[in-house]
Amino acid sequence: MSSRTPTSPAASSAHPTPSLATRLRTDAVGVFRGEDAGREVTLTGWVHRRRDLGGLLFVDLRDRSGLLQVSFGPDWTEAGGLESAHGLGAEDVIRITGELRLRPEEARNPELPTGDVELQARTLTLLNSAETPAIPVYRGPGDELPAEELRLRYRHLDLRRAELQRNLLLRHRLILATRNYFHGLGFLEVETPMLTKRTPEGARDYLVPSRVHPGEFYALPQSPQIYKQILMTAGFDRYIQIARCFRDEDLRADRQPEFTQIDLEASFVGPDDILEWVEGLMAEMAEIAGIEAAPPFHRLSWAEAMDRYGSDRPDLRWELEIRDWTRVLGTADSAILRGAVEGGGRIRGLRLPGGASLSRRQVEEIEAAAKAAGAPGLLWAKRTADGGSGPLARWLEESHWTGLEAAEGDLFLVAAGADRITSPALSATREAAIRLLELPKVREHAWLWVLDFPLFEEEDGEMWANHHPFVLPHPDDADRLQDDPLSVRGIAYDLVYNGSELGSGSLRIHDPAVQRQVLRILGLDDGEIDRKFGFLLEALASGAPPHGGIALGMDRIVKDFLAAPSLRDVIAFPKTTAARALFEGAPSPVESDELMELHLERREKSAKGNNTSSPEPESPA
RNA sequence: GGGGCUGUAGCUCAGUUGGUUAGAGUGCCGGUCUGUCACACCGGAGGUCGCGGGUUCGAGUCCCGUCAGCCCCGCCA
């Protein structure tokens with residue numbers, strides 16, 4: 001038995017591919033190399049491409065392992081096989097028996113892993129013919145991909161492409177590695193329900209009507225959060241699940257309504273236990289994906305991240321940092337700057353050496369990004385040979401320029417006011433400036449932990465849990481919980497890779513009294529608390545161990561490791577931005593008797609204008 | 001819910017200031033071809049210009065509406 005190099009598209013490390021031989025074939029097509037010449041094989045696969053020279057005919061045979069050229073000719077192919085080979089079309093499914101031969105020296109193809117050999121077909125069997133594919137599987141150099149709508153509509157064809165096969169193979173290997181890794185650490189995989197109780201806060205739930213209980217609904221889980229905490233109280237001290245989660249919110253390129261989390265929780269842990277486990281997992285995953293991850297990862301407190309980068313998930317591939325110029329510029333004779341400082345705000349900004357080369361139009365593009373992030377405006381100035389230019393420059397005396405440590409050619413981008421406004425604006429400014437100036441990266445793979453998030457945030461006078469209501473208050477801050485809750489940090493941590501949030505976790509409250517207190521701060525009265533969280537409080541009161549965990553976004557991990565443009569490229573059957581499945585056509589209307597059984601009634605959507613109600617393919621009259 | 005981009009042959013795209021019969025490449029069909037690998041060459045078929053309405057002598061092109069896909073804001077504890 002010869003051990004061959006696997007040629008699957010994502011085989012980037014020594015991960016052995018088992019033989020794909022079956023009763024119908026002796027091998028997969030992509031495994032063959034020069035040393036296999038002389039072997040008698042039977043292979044199956046799809047017709048990828050055909051080159052018909054009349055007397056000679058070549059077919060690129062494809063399966064998930066790769067491509068292999070099959071040659072047909074009168075000297076080695078049975079007459080019947082030769083004749084039907086001329087009629088083969090793209091995506092026909094065939095089976096070929098013949099001998100692997102070294103290709104003539106001048107006819108080898110160095111671009112193909114199997115390019116030194118070809119299968120000389122003796123017999124050909126058409127296992128299934130294919131209609132002309134609606135979208136091509138083959139993609140020539142310079143060919144654009146078909147429209148995304150068509151790729152989703154004909155997903156069975158799009159998924160035949162090597163790129164998507166490679167993506168899903170990597171995904172498989174990462175999931176497998178995850179299970180092995182946590183198994184090795186003593187974690188147990190426990191499944192939790194998909195038909196669950198509606199969660200009172202957070203994202204919109206997908207609801208499932210109950211047939212046996214009129215008017216009542218299950219919810220699909222947004223995450224197994226409460227279940228895993230209950231598993232901790234039950235004594236399963238290390239839990240893991242590759243968990244499917246659902247949130248009925250509008251989509252983005254990095255957001256699908258249905259997604260997969262690596263969900264874990266452990267008892268009797270400190271935050272560093274979780275962080276180190278996850279760092280170890282990321283190191284293993286990164287190695288599989290061929291990217292760099294060297295624990296321990298850099299750590300920033302939430303406050304520091306907001307201060308230096310304006311974001312709770314800064315992209316540290318670039319070093320550019322926000323500076324505090326409150327002292328330096330607070331003396332400038334500008335109403336905006338003075339007002340900001342007098343109002344208790346700060347003056348912060350970015351210094352961009354060489355940034356003065358940007359056109360006014362480009363600087364305005366940066367300002368537009370800041371405004372889109374909620375800033376009323378952005379002040380800017382260029383340091384030039386004869387002083388300065390830009391809206392900010394008129395307020396600047398020479399002493400200000402000195403305080404800014406300005407050099408000729410610098411661009412200064414400044415925002416003034418409360419941090420909660422200027423931080424997001426400066427983060428957007430930072431990203432736009434990096435893009436427009438094409439600043440060089442200082443590293444290709446930036447791993448980061450962001451720690452100590454505030455427990456609460458206030459919006460329109462209401463208190464909200466920053467993460468979720470179960471995060472353990474930081475012990476140093478716990479005495480302020482009642483009087484100054486907004487200043488209380490949680491023992492919480494986010495994993496950030498290249499500016500993308502890959503995971504989020506915390507230690508949890510295990511004292512039912514503290515849990516009740518936090519829920520009260522969030523505005524729930526005791527009745528609501530018992531109704532909505534009674535089962536959790538009951539579990540905590542039964543002797544819950546200190547515990548904590550994290551949830552990592554599997555889809556995003558695969559997407560970011562592949563630098564794929566969209567989550568749709570790492571999910572086999574994704575939804576569109578309108579949450580539709582174009583291939584199978586979900587969601588779809590149901591018959592009214594089915595609705596009746598579920599105690600539901602369809603309400604006509606009130607029509608706009610003087611249109612009557614929308615047409616509905618209901619029961620035929 | 002809001003903003004933006006896109007929609008023309010199976011696929012990818014062009015289509016000028018509103019003006020004769022809407023084009024190209026590829027795929028498809030037919031033919032020639034024994035070392036191709038984006039095979040080559042010859043010939044052919046293929047169109048509800050997303051859909052509906054309007055302006056106009058005349059609309060792929062202008063206007064209004066609508067549908068779909070994508071990107072963004074809101075939303076996503």
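Atom set for the values below is all heavy atoms of this structure, side chains included, hydrogens, waters and symmetry mates excluded. The chains referred to below are lettered A, B, ... by the order of the sequence lines, with proteins before strands, and numbering in each begins at 1.
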Inset, instruction - Would you check if the side chain of A:S500 reaches a backbone N or O of A:V496 as a donor-acceptor pair within less than 3.5 Å? - result: no
Inset, instruction - List for me each residue that meets salt bridge (Lys or Arg N to Asp or Glu O under 4.0 Å) alongside A:R160, sequence neighbours excluded, and say none if there are none. - result: A:E91
Inset, instruction - Considering only atom P, compute the distance from B:A68 to B:C63 and round it to an integer number of Å. - result: 22 Å
Inset, instruction - Keeping the roles fixed (side chain from A:S84, backbone from A:G81), state whether a donor-acceptor pair exists under 3.5 Å. - result: yes
Inset, instruction - Determine which nucleotide pairs with B:C37, using a 3.5 Å limit on both distances of a Watson-Crick or G-U wobble pair. - result: none
Inset, instruction - Would you check if the side chain of A:S504 reaches a backbone N or O of A:A551 as a donor-acceptor pair within less than 3.5 Å? - result: no
Legend entry - Summary of ring-ring contact (aromatic ring centres under 6.0 Å, His included) pairs that have at least one residue in residues 53-86 of chain A, sequence neighbours excluded: none
Inset, instruction - For B:G18 versus B:U61, give the span between their C1' atoms, rounded off to a whole number of Å. - result: 6 Å
Legend entry - Residue closer to the 5' end of RNA chain B, A:E111 versus A:R556 (nearest nucleotide): A:E111
Legend entry - Backbone N/O of A:V29 and side chain of A:D27: donor-acceptor pair under 3.5 Å: no
Inset, instruction - Nearest whole angstrom, please: distance from the P of B:U12 to the CZ of A:R161. - result: 12 Å
Legend entry - Whole-Å distance separating the CG atom of A:L112 from the C1' atom of B:A38: 14 Å
Legend entry - Nearest-Å distance once atom C1' is located in both B:A22 and B:A59: 13 Å
Inset, instruction - Could you give the distance separating B:C71 and B:C64 at their C1' atoms, to the nearest angstrom? - result: 25 Å
Inset, instruction - For A:N466, answer base if it contacts any base atom (sugar-phosphate contacts may also be present), sugar-phosphate if it contacts only those atoms, and nothing otherwise; contact means non-hydrogen atoms under 4.0 Å. - result: sugar-phosphate
Inset, instruction - Starting at the 5' end of nucleotides 67-73 of chain B, put B wherever the base has a protein heavy atom under 4.0 Å, S where only the sugar-phosphate does, and a dash everywhere else. - result: -SSBSSB
Legend entry - N/O donor-acceptor pair under 3.5 Å between A:K575 side chain and A:P257 backbone: no
Legend entry - Test: A:R155 cationic atom under 6.0 Å from A:F583 six-membered ring centre, within 45° of axis: no
Inset, instruction - Take the protein atom CZ of A:R204 and the nucleotide atom P of B:G74, then report the distance between them rounded to whole Å. - result: 15 Å
Inset, instruction - Can you tell me, in whole Å, how much space there is between the C1' of B:C49 and that of B:G10? - result: 16 Å
Inset, instruction - Would you confirm whether A:R62, through its side chain, and A:H48, through its main-chain N or O, come within 3.5 Å as a donor-acceptor pair? - result: no
Inset, instruction - Verify, without hydrogens or angle tests, whether A:R556 (side chain) and A:L502 (backbone) share a donor-acceptor contact under 3.5 angstrom. - result: no
Legend entry - Ring geometry between A:W449 and A:Y493 (parallel below 30°, tilted from 30 to 60°, perpendicular above 60°): perpendicular
Inset, instruction - With a 3.5 angstrom cut-off on both distances, give the Watson-Crick or G-U wobble partner of B:C76, or none if there isn't one. - result: none
Inset, instruction - May I ask you to say what A:E118 touches in the nucleic acid, namely base, sugar-phosphate or nothing, with a heavy-atom cut-off under 4.0 Å? - result: base
Inset, instruction - Using a 4.0 Å heavy-atom cut-off across all strands, classify A:L522 as base, sugar-phosphate, or nothing. - result: nothing
Inset, instruction - Using modelled atom types only, decide if a donor and an acceptor are shared between the side chain of A:D477 and the backbone of A:H474 within a distance under 3.5 Å. - result: no
Inset, instruction - Would you mind checking if A:D530 and A:R516 are paired as a salt bridge, meaning a charged N to carboxylate O distance below 4.0 Å? - result: yes
Legend entry - Selection: residues 98-108 of chain A, any non-hydrogen atom under 4.0 Å of RNA chain B: A:R103, A:P104, A:A107, A:R108
Legend entry - Watson-Crick or G-U counterpart of B:C49, or none if no pair lies under 3.5 Å: none
Legend entry - Letter per nucleotide, 5' to 3', of nucleotides 24-33 of chain B [B base touched, S only sugar-phosphate touched, - untouched; heavy atoms, 4.0 Å]: ---SS----B
Legend entry - Span that lies between the P atom of B:C5 and that of B:G65, in whole angstrom: 14 Å
Legend entry - Side-chain donor-acceptor pair present, A:Q222, A:D205, cut-off under 3.5 Å: yes
Legend entry - Base paired to B:G7 (Watson-Crick or G-U; both N/O distances under 3.5 angstrom): B:C67
Inset, instruction - Ignoring hydrogens and angles, tell me if any N or O in the side chain of A:Q261 forms a donor-acceptor pair with the backbone of A:C245 under 3.5 Å. - result: no
Inset, instruction - Check the distance between B:C76's P and A:H468's NE2 and give it to me in whole angstrom. - result: 15 Å
Legend entry - 5' precedence on RNA chain B between A:G202 and A:I135 (nearest-nucleotide basis): A:I135
Can you name the atoms? Protein N/O to nucleotides 13-15 of chain B N/O, anything below 3.5 Å, with the distance.
none

Inset, instruction - Have a look at A:S223 and say if it touches a base, only the backbone sugar-phosphate, or nothing, with a 4.0 Å heavy-atom cut-off. - result: base
Inset, instruction - Check the distance between B:C37's P and A:L67's CG and give it to me in whole angstrom. - result: 16 Å
Inset, instruction - Return the nearest nucleotide to the side chain of A:Q120; candidates are B:C75, B:G35, B:C37. - result: B:G35
Legend entry - Exam field: side chain A:E528 to backbone A:D525, donor-acceptor pair closer than 3.5 Å: yes
Inset, instruction - Return no unless some side-chain N or O of A:R51 is found under 4.0 Å from OP1 or OP2 of B:C39. - result: yes
Inset, instruction - Go through the N and O atoms of the side chain of A:D60 and the base of B:C37, and report whether any donor-acceptor pair is under 3.5 Å. - result: no
Legend entry - Distance in angstrom units between A:L57 CG and B:A40 P, rounded: 15 Å
Legend entry - Opposite nucleotide pairing with B:G30, Watson-Crick or G-U, both atom distances under 3.5 Å: B:C42
Inset, instruction - For nucleotides B:C67 and B:G60, find the distance between their P atoms and express it as a whole number of Å. - result: 23 Å
Inset, instruction - Go through the N and O atoms of the side chain of A:R247 and the base of B:C76, and report whether any donor-acceptor pair is under 3.5 Å. - result: no
Inset, instruction - Go through the steps for A:Y239 and A:Q241 under the test side-chain hydrogen bond (donor to acceptor under 3.5 Å, both in side chains), then give the verdict. - result: CA-CA 7 Å; A:Y239 145 91; A:Q241 186 181 188; 2.7 Å; yes
Inset, instruction - Sticking with atom P, work out how far B:U17 lies from B:U12, rounded to a whole angstrom. - result: 26 Å
Inset, instruction - Taking only the side-chain heavy atoms of A:F58 (C-beta and beyond), determine which of B:C37, B:U36, B:C11 contains the nearest atom. - result: B:U36
